Amino acid sequence: MAYSCSCSSSSSSTSSFFSIKPKTPSPKPHFPKPHFIKASTNPSPPPSQQQPKPISVSKPRRPLDENIRDEARRNNPTYSHLFSAKYVPFNPDPSHQTSDESYSLDEIVYRSRSGGLLDVEHDIAALKTYDGKYWRDLFDSRVGKTTWPYGSGVWSKKEWVLPEIDDADIVSAFEGNSNLFWAERYGKQFLGMNDLWVKHCGISHTGSFKDLGMTVLVSQVNRLRKMNRPVVGVGCASTGDTSAALSAYCASAGIPSIVFLPANRISIAQLVQPIANGAFVLSLDTDFDGCMHLIREVTSELPIYLANSLNSLRLEGQKTAAIEILQQFDWQVPDWVIVPGGNLGNIYAFYKGFHMCKELGLVDRIPRLVCAQAANANPLYLHYKSGWKDFKAVKANATFASAIQIGDPVSIDRAVYALKNSNGIVEEATEEELMDAMAEADSTGMFICPHTGVALTALIKLRKSGVIGKTDRTVVVSTAHGLKFTQSKIDYHSKEIKDMACRFANPPVHVKADFASVMDVLQRYLLSKSPNH
Ligand SMILES: Cc1ncc(COP(=O)(O)O)c(C=O)c1O
Ligand SMILES: N[C@@H](CCOP(=O)(O)O)C(=O)O
């Protein structure tokens, strides 16, 4: 790449003016009711009939040797006998179908016998014993509470995620329940849209959507270790976000974590996260695809559990973001959901979440999915453009969207399946397009990451071509917190990026510290902003 890319710690540049150092249930009679927390089992009377409540002076209610896990153990009935899930080959080829192949989730297995991907298959017949309204009400009743583990947006859907795990084994930071932001000004000003939303999955414990999957994976590892299974540590290859999430959840459970990072290809903020959380960090002179290759070899030799999304457990957590979007729209289905794609697990996770909601009667359709890639790392886009002919991995070039600098995505088959079954589209974004989109979005009050800039570029292109209509309800998935990628914003607003106009740069103005100089620049500024200017 021609310019000095901010995502490389070695190449981070600093502008002179930024004085910043570099860088109601209807159960069948024989099934007991799954647990509703109090609020929904005993709905309150309408406000007109309510008596004024005495103000309670709250005192600590728990004795010192008790906590919310103990409370959950006492209060939450166990439904492990009602619902179950297992690993099965992902979308097996019917011609060599080995229909009996399945594995318990307590086994350590990442690939099917044929070498293909696995999927977590739920006992849909058991889940169907309850109707769509039942599930909607159950999930809604758990939002915003602190009841263990349902205070988490992931574990509030526990029956659909890891139904058999003991609540006591769950490792959670009450992740999920991320805000769905109405992008009023951005939609109106730049796209003429009135129903545009940004799902802020990056406003999360470690600043990315990876928390949703990692709580599930690390919880299962916690369970396996209690069962004395041979898991000494958990490892991943990462472009920065998976390693941050893995190290935080492992640290919280006291489990060793090992992370393989491509040297000088992730942001400083992302590098600091596993270091601070006590992970064993290997910085390797290769790219993400090289790291991925190595971690797969290592985890097949050593008792290190693989935490990348090749491991289908992760996607069970990530799919809850799709369910959450429906929930936040009062179970109305948006027209479009746009997701930036790299290793390509997340686009399938979204598909799976939406599909389960349809299959189980919570909604009657699913949205169309768009996967957005950086043009510098676009193997899925090329595959889509070729009419889904033979897939070819690419050598991924540097991109400001550094977390998706991936040329050989492990979940390519899952992504293709998700897109084909959702009438989906793949788009790409050049470096200039994604940085401009990020800057424009930020100028309307967001503070997004470059990957979200990739997704917004896809939206801009699909709006311009008329594929996405002005009134289409559209959700752009924001995958990481912008604060992890400040160097890219500094580079852009400094206009220090080679071959990039940085059209929306807003550099600070250096002014002499005297009244006249300050008044002078302010008057010129106010004039430029006045309506008659
Ligand atoms: C911030 C960010 N956005 C998007 C992605 C892409 O997700 P996936 O790899 O599941 O396609 C990743 C990781 O790959 C990421 O870290
Ligand atoms: N962006 C990811 C790349 C690895 O993806 P994964 O979902 O397979 O773990 C990261 O942050 O490492």
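Counting starts at 1 for both ligands and their atoms, following the listed order. Bear in mind the structure is a predicted one, so any value in this text is a computation, not a measurement.
Between G345 and ligand 1, a contact under 3.5 Å exists for at least one N or O pair. Distances between N or O atoms of C449 and those of ligand 1 include no value under 3.5 Å. Between T239 and ligand 1, a contact under 3.5 Å exists for no N or O pair. Residue G342 places at least one N or O, backbone or side chain, under 3.5 Å from an N or O of ligand 1. Close N/O approach between T479 and ligand 1 is found [any backbone or side-chain N/O within under 3.5 Å].
Within the listing of ligand 1, atoms 4 (C), 5 (C), 6 (C), 12 (C) sit less than 4.0 angstrom from a heavy atom of I404. Near P340, with a cut-off below 4.0 Å to any heavy atom, the atoms of ligand 1 are 4 (C), 6 (C). Atoms of ligand 1 found under 4.0 Å from any heavy atom of A403 (numbered from 1 in listed order, with element): 1 (C), 2 (C), 12 (C), 13 (C), 14 (O), 15 (C), 16 (O). Below 4.0 Å from some heavy atom of H451 lie the following atoms of ligand 1, by number and element: 1 (C), 3 (N). Atoms of ligand 1 found under 4.0 Å from any heavy atom of A480 (numbered from 1 in listed order, with element): 1 (C). With ligand atoms numbered from 1 in the order given, ligand 1 contributes 12 (C), 13 (C), 14 (O), 16 (O) to contacts under 4.0 Å with heavy atoms of K210.
For the pair K352 and D119, the minimum side-chain heavy-atom distance is below 4.5 Å. When side chains are defined from C-beta on, I338 counts as touching T474, because their heavy atoms get closer than 4.5 Å.
Checked against S204 for a side chain to side chain donor-acceptor pair (under 3.5 Å), the options D211, T479, N177 give a single hit: D211. Among I170, V161, L224, the one residue that satisfies the side chain to side chain contact (heavy atoms under 4.5 Å, CB included) test with S219 is I170. The only member of I425, L459, V476, V475 that meets side chain to side chain contact (heavy atoms under 4.5 Å, CB included) when paired with W336 is I425.
Aromatic pair Y150/F174: centroids not less than 6.0 angstrom apart. For an aromatic pair to be called close, the ring centres must be under 6.0 Å apart, and F400 with F485 fails this.
The shortest heavy-atom distance from S309 to ligand 1 is not under 4.0 Å.
Side-chain contact of K199 with Q328: a donor-acceptor pair under 3.5 Å is present, judged by distance alone. No side-chain N or O of Q273 forms a donor-acceptor pair with one of N277 less than 3.5 Å apart.
A salt bridge links K489 with D442: the closest approach of a Lys/Arg side-chain nitrogen to an acidic carboxylate oxygen falls below 4.0 angstrom. Checked for salt-bridge contact, K226 and D169 meet the test: a charged N lies under 4.0 Å from a carboxylate O.
Of the protein's non-hydrogen atoms, L344 N, 3.4 Å is the one closest to atom 8 (P) of ligand 1. In terms of protein heavy atoms, atom 9 (O) of ligand 1 is closest to N343 N, 2.7 Å. Nearest to atom 12 (C) of ligand 1 among the protein's heavy atoms is F209 CE2, 3.7 Å. Nearest protein heavy-atom neighbour of atom 10 (O) of ligand 1: N346 N, 2.8 Å.
Annotation: ligand 2 has protein neighbours K210, S238, T239, G240, D241, T242, F288, N308, S309, R314, N343, A403, I406, each with a heavy atom less than 4.0 angstrom from the ligand.
Atom NZ of K358 has 12 or fewer heavy atoms from other residues, nucleotides or ligands within 6.0 Å.
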> Hey, mind stepping through R229 and D106 against salt bridge (charged side-chain N to carboxylate O under 4.0 Å, His left out) and telling me if it holds?
Replying inline: CA-CA 9 Å; R229 294 293 161 92; D106 293 336; 5.5 Å; no
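Only side-chain heavy atoms of D241 come within less than 4.0 Å of ligand 1; its backbone N, CA, C and O stay farther off.
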